[in-house]
K.L.:
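The structure's right below; bear with me while I get my questions together.
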Protein chains: 2
Amino acid sequence: MSEPRTLRRDARANAAKLQTAAREVFLAKGLDAPLDEIARAAGVSTGTLYNHFGSREALIDAVIPEVAGARMHALGAAVEAEATAAGRLQAFVLGMIQLQQDDPALNDALLRRYPDAVALTGVCDQSALLGRQLVRDAHAEGTLASDFTEDDLLALLWLAGTAGRDRTAPSSWRHVVTRSITSALSQHR
Amino acid sequence: MSEPRTLRRDARANAAKLQTAAREVFLAKGLDAPLDEIARAAGVSTGTLYNHFGSREALIDAVIPEVAGARMHALGAAVEAEATAAGRLQAFVLGMIQLQQDDPALNDALLRRYPDAVALTGVCDQSALLGRQLVRDAHAEGTLASDFTEDDLLALLWLAGTAGRDRTAPSSWRHVVTRSITSALSQHR
DNA sequence: GGTAAACTTGACAGTGGGGTCAACATCAGA
DNA sequence: TCTGATGTTGACCCCACTGTCAAGTTTACC
């Protein structure tokens, strides 16, 4: 791969089929789905997959950032709609948790399980930055306990993501996690 | 295995070496350590390990409940020493988290990663019962928010255990988790 | 329609674990 | 000391997955 700038028609079709299959399989099963399965779903051999993408990370990067970006964008809009910094932070946290639960791939992305997927990592970095900003805003507004730090927010989301990945998690992990943020938000003195 | 009630001297020695090795390796690396490694540490082949114990679960059960029981017992004593139900609950949570962090094997046990290790599961059940009782006591005492349930406590410990297992966990997960219980304890109206 | 370049295939090797078994070794007791 | 019951060995098979490559197929262009 790489030298010829235009792919042969069949090759282009295969690449497209692979991307479609990858999107589906990744979204359904998470970013650690067997590449085998993606190749099979695309009706192509694993060799072809490697020929086109060379690594799991590259395949992820070719497919997931777009989806993740769109989802994050939508969440960003919902967050903006809130009137107060406290409201925005809460909307952000609940929205992120929702995204993580709905979509194993996004969850894996946010947990940074594949740091070599650079494009995807970029999307996550942005969302982390947004989260940090929301924490700062809420602090400035005086509606977030000052000992709830930016890192605490990221840890909270990490916990939620990790719990969401694990089928053996007791279901009330949600209570525990959300209590942590809501209590920090209601302690505005 | 099984019919002869007295093992040959060398066989007994091997079983003992295996138990010692298993204790060490399990405590150091968690209950999912390769059995290979345990056999090697005992100076014995994997066949011998299987000959004596037949499965990972059986080996775990032969070795870990004793340690786990002792640790839990010590924690129980420390908890008893507290004057109030709130104090006992807090001591229990912090103590459990400490145990989970200090000892991957105990952590795996409490997360019930090997439910077929029945003896071990028994020990965990007991500690769960103690936790539930402490929640009920604190509710009765009026020092624990009534929407913090027994299941919430178990979920909290599950979260802590899971975070502790994962080297990629952001370190402030501890803040997040402990805030959840401390806020529920300080909301006694 | 023939040919070279581009592409695909699938069998294969590698990894890292679980578990088995026929052949070999050792022990205990007569 | 000899023998058979008891134990042990480690090569071997299994699984699921990653990644490679020589041989075969298809396309694009003359």
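Source: prediction; values computed, not measured. Chain letters run A, B, ... following the sequence lines, proteins first, then strands; residues in each count from 1.
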K.L.:
Please name the pair of heavy atoms, one in A:Leu27 and one in A:Ala105, separated by the smallest distance, quoted to 0.1 Å.
P.N.:
CD2-CB, 3.8 Å
K.L.:
State plainly whether one hydrophobic cluster holds both A:Val63 and A:Tyr114, where clusters connect Ile, Leu, Val, Met, Phe, Trp and Tyr through side-chain heavy atoms under 4.5 angstrom apart.
P.N.:
yes
K.L.:
For nucleotides 21-30 of chain C, give me one character per nucleotide, 5' to 3': B if any protein heavy atom sits under 4.0 Å from the base, S if the only such contacts are to the sugar-phosphate, - if neither.
P.N.:
B----BSS--
K.L.:
Decide yes or no for A:Val177 and B:Val176: does some side-chain heavy atom of the first lie under 4.5 Å from some side-chain heavy atom of the second?
P.N.:
no
K.L.:
How close or far is atom P of D:dT18 from atom CG of A:Leu31, stated in whole angstroms?
P.N.:
13 Å
K.L.:
Identify whether B:Leu94 and A:Leu159 are in the same connected component of the hydrophobic contact network (ILVMFWY, side-chain heavy atoms under 4.5 Å).
P.N.:
no
K.L.:
Considering only heavy atoms from C-beta outward, does the side chain of B:Glu82 approach that of B:Phe92 to under 4.5 Å?
P.N.:
no
K.L.:
A side-chain contact here means heavy atoms from C-beta on lying under 4.5 Å apart; do A:Arg165 and A:Arg113 qualify?
P.N.:
yes
K.L.:
NA contact type, B:Thr46, heavy-atom cut-off 4.0 Å: base, sugar-phosphate, or nothing?
P.N.:
base
K.L.:
Using OP1 and OP2 only, check whether a side-chain N or O of B:Asn51 sits under 4.0 Å from D:dG7.
P.N.:
no
K.L.:
Tell me: CG of A:Asp116 to C1' of D:dG19, nearest whole Å?
P.N.:
16 Å
K.L.:
Please report how far the helix from C:dG1-D:dC30 to C:dA30-D:dT1 bends, comparing the axis fitted to its first five pairs with the axis fitted to its last five, to the nearest 10 degrees.
P.N.:
30°
K.L.:
Within this structure, what is the CG-to-C1' distance between B:Leu35 and C:dG16, rounded to whole angstrom?
P.N.:
13 Å
K.L.:
On DNA chain D, check which nucleotide each of B:Leu49 and A:Ala33 is closest to and give me the residue with the more 5' one.
P.N.:
B:Leu49
K.L.:
Using a cut-off of strictly less than 4.0 Å, decide whether A:His52 has a side-chain nitrogen or oxygen near OP1 or OP2 of C:dT8.
P.N.:
yes
K.L.:
Would you say the side-chain atoms of B:Asp152 and B:Thr149 include a donor-acceptor pair closer than 3.5 Å?
P.N.:
yes
K.L.:
How close or far is atom P of D:dT27 from atom CG of A:Asn14, stated in whole angstroms?
P.N.:
10 Å
K.L.:
If you assign each of A:Gly54 and A:Pro34 to its closest nucleotide in DNA chain D, which residue comes earlier from the 5' end?
P.N.:
A:Pro34
K.L.:
In whole angstrom, give the distance that lies between atom NZ of A:Lys17 and atom P of C:dC7.
P.N.:
14 Å
K.L.:
Quick one: B:Ile38 CD1 to C:dG16 P, roughly how many Å, whole number?
P.N.:
18 Å
K.L.:
Please name the pair of heavy atoms, one in A:Ala169 and one in A:Trp173, separated by the smallest distance, quoted to 0.1 Å.
P.N.:
CB-CD1, 3.9 Å
K.L.:
Whole Å only: how far is the CZ atom of B:Arg40 from the P atom of D:dG10?
P.N.:
13 Å
K.L.:
With a 4.5 Å heavy-atom cut-off, do B:Leu89 and B:Ile181 have their side chains touching?
P.N.:
yes
K.L.:
Between C1' on C:dG17 and NZ on B:Lys29, what's the gap in Å once rounded to a whole number?
P.N.:
14 Å
